[in-house]
Protein chains: 4
Amino acid sequence: MTKNKIILATINNFSTHGYHGATMSKIAKEVDIKPASLYYFFESKEDLFKQAIQVILDNHFSSMKTSFFNHKKENITNLFSELFRSIVYHHTSNIVETKAYVTMVSSPIPNIKKEVSEYLVQYNEWLLKNLTGVIKGQYTNLDEHTIRKIIDYFIFIGNGLFWGIVIYDQEGIHKNLTQAIYSMEQYITETLRSENYAK
Amino acid sequence: MTKNKIILATINNFSTHGYHGATMSKIAKEVDIKPASLYYFFESKEDLFKQAIQVILDNHFSSMKTSFFNHKKENITNLFSELFRSIVYHHTSNIVETKAYVTMVSSPIPNIKKEVSEYLVQYNEWLLKNLTGVIKGQYTNLDEHTIRKIIDYFIFIGNGLFWGIVIYDQEGIHKNLTQAIYSMEQYITETLRSENYAK
Amino acid sequence: MTKNKIILATINNFSTHGYHGATMSKIAKEVDIKPASLYYFFESKEDLFKQAIQVILDNHFSSMKTSFFNHKKENITNLFSELFRSIVYHHTSNIVETKAYVTMVSSPIPNIKKEVSEYLVQYNEWLLKNLTGVIKGQYTNLDEHTIRKIIDYFIFIGNGLFWGIVIYDQEGIHKNLTQAIYSMEQYITETLRSENYAK
Amino acid sequence: MTKNKIILATINNFSTHGYHGATMSKIAKEVDIKPASLYYFFESKEDLFKQAIQVILDNHFSSMKTSFFNHKKENITNLFSELFRSIVYHHTSNIVETKAYVTMVSSPIPNIKKEVSEYLVQYNEWLLKNLTGVIKGQYTNLDEHTIRKIIDYFIFIGNGLFWGIVIYDQEGIHKNLTQAIYSMEQYITETLRSENYAK
DNA sequence: CATGAATGAGATTTCATTCAT
DNA sequence: CATGAATGAAATCTCATTCAT
């Protein structure tokens, strides 16, 4: 479908050239149509980019949801490992969208900032709520504050993993994944021990 | 000095609008001169951006060198904490340059990619060499491979810290700094223990 | 057709203002379109001028071919007169192209020199071959060297005629034409006599 | 002297790039000064070019005068040969000025046309007057009309020679010179014979 | 004399957009 | 659906010129 191809070409161009560098011509050429034809599907460049970014965010959300709900959640350390793996899998399989996201964060598109930050807030709330739920389900005695600290640490380590995906190659990313999993395991072990926690 | 002001305005505009969004007009307006005057100091937009980026990279390097050599290096855990603190300090004090760097990585400026990757290689080598030196000086029995793993982990955690600087506010960054320091301490402790190492 | 009109306006402006003096604005104004529209038909100013010059050269070649092949070639003196007449006719009817050609020779367009010199070489070869053929057909005993001398003289006299077309008015040009025809007749008569030639 | 060097650089640039292509920067660079310095010597670009062109015309006139008055004028055929030789010598030694002249004729400089055409009129009158004088001195019976025809033919042949100087190399030019001398000799011989003239 | 610094005007070119077909 | 043709606005860049030093 042409409209879809246009969105993909838009994401592709945006990720490597930024908003102003991603011209309607380049996008049209990638889809093998003329620039004038883009206006049959989209009202304007801004409209096109708004929709394209929505696709990136939707993909990200559904990818994260899928991996979250596909997991058995018997073991929390295991869950974090799985989530890290999902993050790596999602972002490496969609490296173009990932770089587009980074571009979005660093040089935000005029008039589209809002959508992105709203998504981030929404995503974080979702993640927080669900992770909290799972952890509570397994470690019933852990207080809210400790749970929050674990999730925060997970996000912190996830950030390192994320930036690694952007700047490293396959090999480097894999090394980071191992480090992330190890780090999280350590953190949980330590936390549980210091909390004098018994499952 | 006009030339300097132009460079600063360029970094500023580049960091928020990307290469194509940072127009010569916007830059000139920020310096309160006319666009034509930019060409007295720089041959072309590309030339201007090349020099601006060189400034960013030079600043980063000298900032890292300063913080590295100003430290006493009596205690390695301490050194890593100090370096993390320096990273945070440098990037938060130069948030514009930092965002410019992220923009550079995600949507690289045509014909300037090379300079940036060359810098990264050079910086990594410098970091590796010096950190290796310090660690060796303090833990004389640690083998190369273990030292390398420690440094790799340091870089991995530093990446999380870095990305946090880009996307969080003061408070979030400070939280990340604590997490990073803790994480590194843990890692070193564990490593030394598992190596059955006695200083 | 717009593209054609643009080419004509280009030749026109080039012939009187030279390459740098013939601006895209002037050309567009002459065609009654906006400068930006020129870029729908031509990639760049250089591209436009390349094509315009090709038109001049093509016109010249086809004009010369037509007049050469339309002639009966029974009498060689007559042929030369006819060719002179054709030169005058072609250049006075296309005085703009002719002046453009002179401009081209004196202040060549950057990166377009090659096309012009290649054309000149090609045209000279064509002229030489065909004139040689006709002369040989009529004066079977004339040796190659003599034929070549006659053609060279024809070209020499043609050059005087050509420059006269550029700098004189109708009357002056006509006077030159008479002189050229006379000169060529004399030369052939003298040459045949001195070669003791009998047809 | 700087002013002189500027004039030479102007002629040089004008001859190869035309008026609009000969920029103040290029001229300044050739003299190894800054563009701003040109304005110490000349009021404006137009002023500079006016003076430069005056130099070309003055050089041409004095060169022609010298060669005319240095000749013994015993033999008219000889005089024409000498004048042709002078033309060739002057223009090949000053090929840059010559090409500048051609550029001037084909793409005249705005507001400077007048000076050039006035010079041409003046030069032609001078040439006519002096040649007429010499011819009359030697062939006292020749009527004005015949003299004028000879001079006209001389100019016509000179034009072929001139254009040859512009487009040919050393060898081609020399061949043209021979042809021109021969042509003029023939013409005079024929004219005298047909006028049934006895010196 | 000479130039560093600056600029208005204008040149070439790009780009998002429109609209008739 | 798609595009050929066109354009206003703006971007990059050039150029002649000025003026204080």
Side-chain angles (χ1 to χ4, degrees), chain A residues 1-3 6 17 19-29 31-49, chain B residues 1-3 5-6 17 19-29 31-49, chain C residues 1-3 5-6 17 19-28 31-49, chain D residues 1-3 6 17 19-28 31-49:
Chain A
M1 200 179 124
T2 308
K3 188 172 174 178
I6 295 172
H17 302 118
Y19 181 70
H20 295 283
T23 66
M24 299 302 261
S25 298
K26 282 183 197 155
I27 293 166
K29 184 164 280 169
V31 185
D32 204 26
I33 56 175
K34 304 296 162 196
S37 307
L38 294 173
Y39 290 83
Y40 177 78
F41 300 97
F42 303 92
E43 271 189 357
S44 64
K45 186 179 180 182
E46 195 180 308
D47 177 35
L48 166 56
F49 274 69
Chain B
M1 199 179 130
T2 307
K3 188 173 175 179
K5 283 200 258 173
I6 295 173
H17 302 119
Y19 182 70
H20 296 284
T23 66
M24 298 304 260
S25 305
K26 284 183 196 157
I27 293 167
K29 185 162 281 169
V31 185
D32 200 29
I33 54 174
K34 306 298 163 198
S37 305
L38 295 173
Y39 291 85
Y40 178 74
F41 299 96
F42 303 92
E43 274 189 354
S44 63
K45 185 178 179 181
E46 192 180 310
D47 177 36
L48 166 56
F49 276 68
Chain C
M1 200 178 127
T2 307
K3 189 173 174 179
K5 282 199 259 173
I6 295 172
H17 302 118
Y19 182 70
H20 296 283
T23 67
M24 297 305 259
S25 305
K26 282 183 198 157
I27 292 167
V31 184
D32 200 30
I33 56 174
K34 306 298 163 195
S37 306
L38 296 172
Y39 290 84
Y40 177 75
F41 299 96
F42 303 92
E43 275 190 353
S44 63
K45 186 179 179 180
E46 192 179 310
D47 176 36
L48 166 57
F49 276 69
Chain D
M1 199 179 126
T2 307
K3 188 173 174 179
I6 296 172
H17 302 119
Y19 181 70
H20 294 284
T23 67
M24 298 301 261
S25 298
K26 283 184 197 155
I27 293 167
V31 185
D32 203 27
I33 56 175
K34 305 296 163 196
S37 308
L38 294 173
Y39 290 83
Y40 178 79
F41 300 97
F42 302 92
E43 271 189 359
S44 65
K45 187 179 180 182
E46 195 180 307
D47 176 34
L48 166 57
F49 275 68

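Just so you know, these numbers use all the heavy atoms, side chains as well, and skip hydrogens, waters and symmetry mates. Order of the sequence lines sets the chain letters (A, B, ...), proteins ahead of strands, with each chain counted from 1.
The structure places OG of Ser44(B) at 11.0 Å from CG of Leu38(B), a figure rounded to the nearest 0.5 Å. The CD atom of Glu43(D) sits 11.5 Å away from the CG atom of Leu48(D) when rounded to the nearest 0.5 Å.
Ile33(B) places none of its side-chain heavy atoms less than 4.5 Å from the side chain of Lys5(B). Taking 4.5 Å as the limit, every side-chain heavy atom of Lys3(B) sits out of range of all side-chain heavy atoms of Tyr40(B). The shortest side-chain heavy-atom distance between His20(B) and Tyr19(A) does not fall under the 4.5 Å cut-off.
Of all non-hydrogen atoms in Asp47(A) and Phe42(A), the two that sit nearest each other are OD2-CA, 3.6 Å. Considering all non-hydrogen atoms of both residues, Val31(C) and Ile6(C) come closest at CG2-CA, 3.8 Å. The two residues Ile27(C) and Ala22(C) make their nearest non-hydrogen contact at CD1-O, 4.3 Å. Closest non-hydrogen pair, Ala28(D) versus Lys34(D), comes out as CB-C, 3.7 Å. Taking all atoms of both residues into account, the shortest heavy-atom contact from Lys26(B) to Gly21(B) is NZ-O, 2.7 Å.
The footprint of chain A on DNA chain F, defined by a heavy-atom cutoff below 4.0 Å, extends from dC1(F) to dG4(F).
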Original post:
Could you spell out the base pairing of DNA chain F in dot-bracket, with Watson-Crick or G-U pairs whose two distances are under 3.5 Å, [ ] crossing and | to another strand?
Top reply: .||||||||||||||||||||

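Comparing Tyr40(C) and Asp32(C) by the nucleotide of DNA chain F that holds the closest heavy atom to each, the one mapping nearer the 5' end is Tyr40(C).
On the C1' atoms, dT21(F) is 12 Å away from dC1(E), given to the nearest whole Å.
Note: CG (Leu48(A)) to P (dC15(E)) measures 15 Å, nearest angstrom.
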Subject >> Reading 5' to 3' through nucleotides 9-14 of chain E, protein heavy-atom contacts under 4.0 Å coded B for base, S for sugar-phosphate only, - for none >> reply: --SSBB

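Within 4.0 Å (heavy atoms only), Ile33(C) reaches sugar-phosphate atoms of the nucleic acid but no base atom. Looking at heavy-atom distances under 4.0 Å, Phe42(C) makes no contact with the nucleic acid at all.
A cation-pi geometry, defined here as NZ or CZ lying under 6.0 Å from the six-membered ring centre and within 45° of its normal, holds between Lys45(C) and Phe49(C).
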